[in-house]
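Quick notes on the structure that follows.
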Amino acid sequence: MRGAGFLLLVVFAVAVAGGAVAAAADLDGGDGGGGVAAEWRFPSSRMRDAYVALQTWRREAIFSDPGNLTADWVGPDVCNYTGVFCAPLPWDRREVAVAGVDLNHGDIAGYLPPELGLLADLALLHLNSNRFCGVLPATLRRLRLLHELDLSNNRFVGRFPEVVLDMPALRFLDLRFNDFEGGVPRQLFDRPLDAIFLNHNRFRFDIPDNFGNSPVSVIVLAHNSFGGCLPASLGNMSGTLNEILLINTGLSSCLPPEVGMLREVTVFDVSFNRLAGPLPSAVAGMRKVEQLDVAHNLLTGAIPQAVCELPRLKNFTFAYNFFTGEPPSCARTVPRYGDRRNCLPNRPAQRTLRHLCCCGVERDWEVVGVWGFGGFGNI
């Protein structure tokens, strides 16, 4: 596709400025799999390698392309291929390289061949909403300039792809809606990423104590099975974190008071977990929060008035807990039914003795019994 666009040029430059140096690919760039005609002349070895990589992908690793996105992947001019973007090298603008591949929403079925490691100058790889499957090839660690990796909404499997930890320029990682499983390496939270999306996979692990080392602005871990507690190191993210979604991850114990240090956060969602104890008054330290959701947990006591009076709070949902007090100031921020199924006097749709002796949660066996029968959303 002609022209890389201003955004791609910026990302390409940022990847290099971040300290990444293009590594020479040691994959075989010969004729095997690439179908390089003897009479073709490429402007550089990197463009010849790009041709080999893309042709191998199209011919050997793409099984279905109903939108014909790769139908024009013919001939040596890879910059004219649909979804392929070229840009001048930041350190030598006389030379052009493949800087981006975007096949989003292509419904393409296939896998990622090892030859993709030949795309050593790639800054963007966007493959969301396709049917790619299998595991990520280890050769992707040669993508030393890769800034954005979006593999969401595919059929990738296996353990967490640790190859992404070897990409020094990576800032955006999106693996959501796949079938990755097992643990997530603690090293992920030491990487200089700006966005991490791991939701809707099969990951199972306890959130590590270095979680707060991550400089992300957005992190979404929802709909996995993490369990354990939110570590106190969460407070270390105070200067960068804008959105955190930990919905349905099996979190237990209580909310640490360090959540109040998240002064930049605008979205905080820990709903559908097993968090217990009171909602800490330290939550009032989230001065920029707009969306606050603690629904479907085991939280007790009274809602702190200072939380409901947060200046930017627009939506505060705490339904399906065991709260016993709600300040009048909450009426401004709590949506209709946003406080239902608690133990609040003079509020509609609350728990009753017939459903559960909940006020004070004095009978722990009843709470456990509720979880044992598939959650307490129906009581």
Side-chain angles (χ1 to χ4, degrees), residues 189 204-214 219-238 241 243-263 265 267-287 289 291-310 313 316-327 330 334 338-339 341-344 351 356-372 375-377 379:
F189 304 107
R204 299 180 66 90
F205 80 119
D206 288 347
I207 295 180
D209 55 9
N210 71 324
F211 178 75
N213 292 354
S214 178
I219 185 164
V220 183
L221 306 182
H223 302 288
N224 286 285
S225 183
F226 293 148
C229 307
L230 267 177
S233 66
L234 182 73
N236 298 338
M237 308 168 86
S238 60
L241 188 63
E243 299 184 17
I244 179 169
L245 286 83
L246 303 176
I247 307 160
N248 188 30
T249 55
L251 286 173
S252 58
S253 188
C254 57
L255 281 173
E258 286 80 6
V259 298
M261 300 172 64
L262 302 177
R263 61 179 184 272
V265 78
V267 177
F268 186 89
D269 194 332
V270 291
S271 58
F272 291 90
N273 284 295
R274 300 180 184 182
L275 295 168
L279 184 68
S281 58
V283 171
M286 298 182 185
R287 305 299 292 174
V289 71
Q291 308 289 329
L292 177 60
D293 195 338
V294 297
H296 292 269
N297 277 287
L298 302 171
L299 297 169
T300 60
I303 299 290
Q305 180 171 330
V307 174
C308 291
E309 294 176 350
L310 283 165
L313 188 59
F316 179 25
T317 304
F318 52 88
Y320 293 94
N321 277 285
F322 300 90
F323 289 115
T324 56
E326 178 181 2
C330 290
V334 178
D339 61 356
R341 289 294 187 266
N342 279 283
C343 304
L344 302 171
R351 301 182 190 275
L356 183 67
C357 181
C358 68
C359 300
V361 196
E362 296 175 354
R363 301 175 65 177
D364 292 340
W365 67 270
E366 294 193 18
V367 175
V368 174
V370 167
W371 280 104
F376 50 84
I379 63 175

Test side chain to side chain contact (heavy atoms under 4.5 Å, CB included) applied to Leu230 and Glu258, step by step: CA-CA 10 Å; Leu230 267 177; Glu258 286 80 6; over 6 Å; no
Flag side-chain contact, heavy atom, 4.5 Å: Leu292 against Thr317: no
CD1 on Ile303 to OG on Ser281, rounded to 0.5 Å: 12.0 Å
Distance-minimising heavy-atom pair for Pro304 and Pro327: C-CG, 4.2 Å
Note, Phe268 side chain near Leu255 side chain (heavy atom, < 4.5 Å): yes
Partners passing ring-ring contact (aromatic ring centres under 6.0 Å, His included) against Phe318 (at least two apart in sequence or in another chain): Phe316, Phe323
Asn248: partners by side-chain contact (heavy atoms from CB on, under 4.5 Å), with sequence neighbours left out: His223, Phe272
Phe211: ring-ring contact (aromatic ring centres under 6.0 Å, His included) partners, not counting sequence neighbours: Phe189
Any residue meeting side-chain contact (heavy atoms from CB on, under 4.5 Å) with Arg263, in chain and number order, not counting sequence neighbours: Ser238
Asn273 side chain to Thr249 side chain, donor-acceptor N/O pair below 3.5 angstrom: yes
Check: Asp293 side chain, Ala295 main-chain N or O, donor-acceptor pair, under 3.5 Å: yes
Reported CG-to-CG distance for the pair Asn321 and Leu275, which is rounded to 0.5 angstrom: 8.5 Å
Any Val294 side-chain heavy atom under 4.5 Å of Val283 side chain: no
Pairwise distance CZ(Arg341) to NE2(His296) - rounded to 0.5 angstrom: 10.5 Å
Heavy-atom check, side chain of Asn210 versus side chain of Ser233, under 4.5 Å: no
Cation-aromatic face contact Arg204/Phe226, 6.0 Å, 45 degrees: no
Shortest non-hydrogen contact from Pro256 toward Pro231: CG-O, 4.3 Å
Pairing residues for Glu243 by the side-chain contact (heavy atoms from CB on, under 4.5 Å) criterion, not counting sequence neighbours: Val218, Leu245, Thr266, Val267
Stepwise side chain to side chain contact (heavy atoms under 4.5 Å, CB included) check, Leu344 with Thr324: CA-CA 5 Å; Leu344 302 171; Thr324 56; 5.6 Å; no
Sequence-distant partners of Cys330, disulfide (SG to SG under 2.5 Å), two or more places apart: Cys308
Distance-minimising heavy-atom pair for Tyr320 and Arg351: C-NH2, 3.5 Å
Value rounded to 0.5 Å, distance of CE in Met286 from CG in Leu262: 5.0 Å
Over all atoms of both residues, closest heavy-atom pair of Arg274 and Leu298: O-CD1, 4.2 Å
Worked check of side chain to side chain contact (heavy atoms under 4.5 Å, CB included) between Asn213 and Asn236: CA-CA 7 Å; Asn213 292 354; Asn236 298 338; 4.3 Å; yes
Rounded distance (nearest 0.5 Å) linking atom CD1 of Ile244 with atom OG of Ser214: 9.5 Å
Pairwise side-chain contact, Ile219 with Leu241, heavy-atom cut-off 4.5 Å (strictly under): yes
Reported CD1-to-CG distance for the pair Ile247 and Leu251, which is rounded to 0.5 angstrom: 11.0 Å
Side chain to side chain contact (heavy atoms under 4.5 Å, CB included) evaluation trace for Val259 with Val265: CA-CA 10 Å; Val259 298; Val265 78; over 6 Å; no
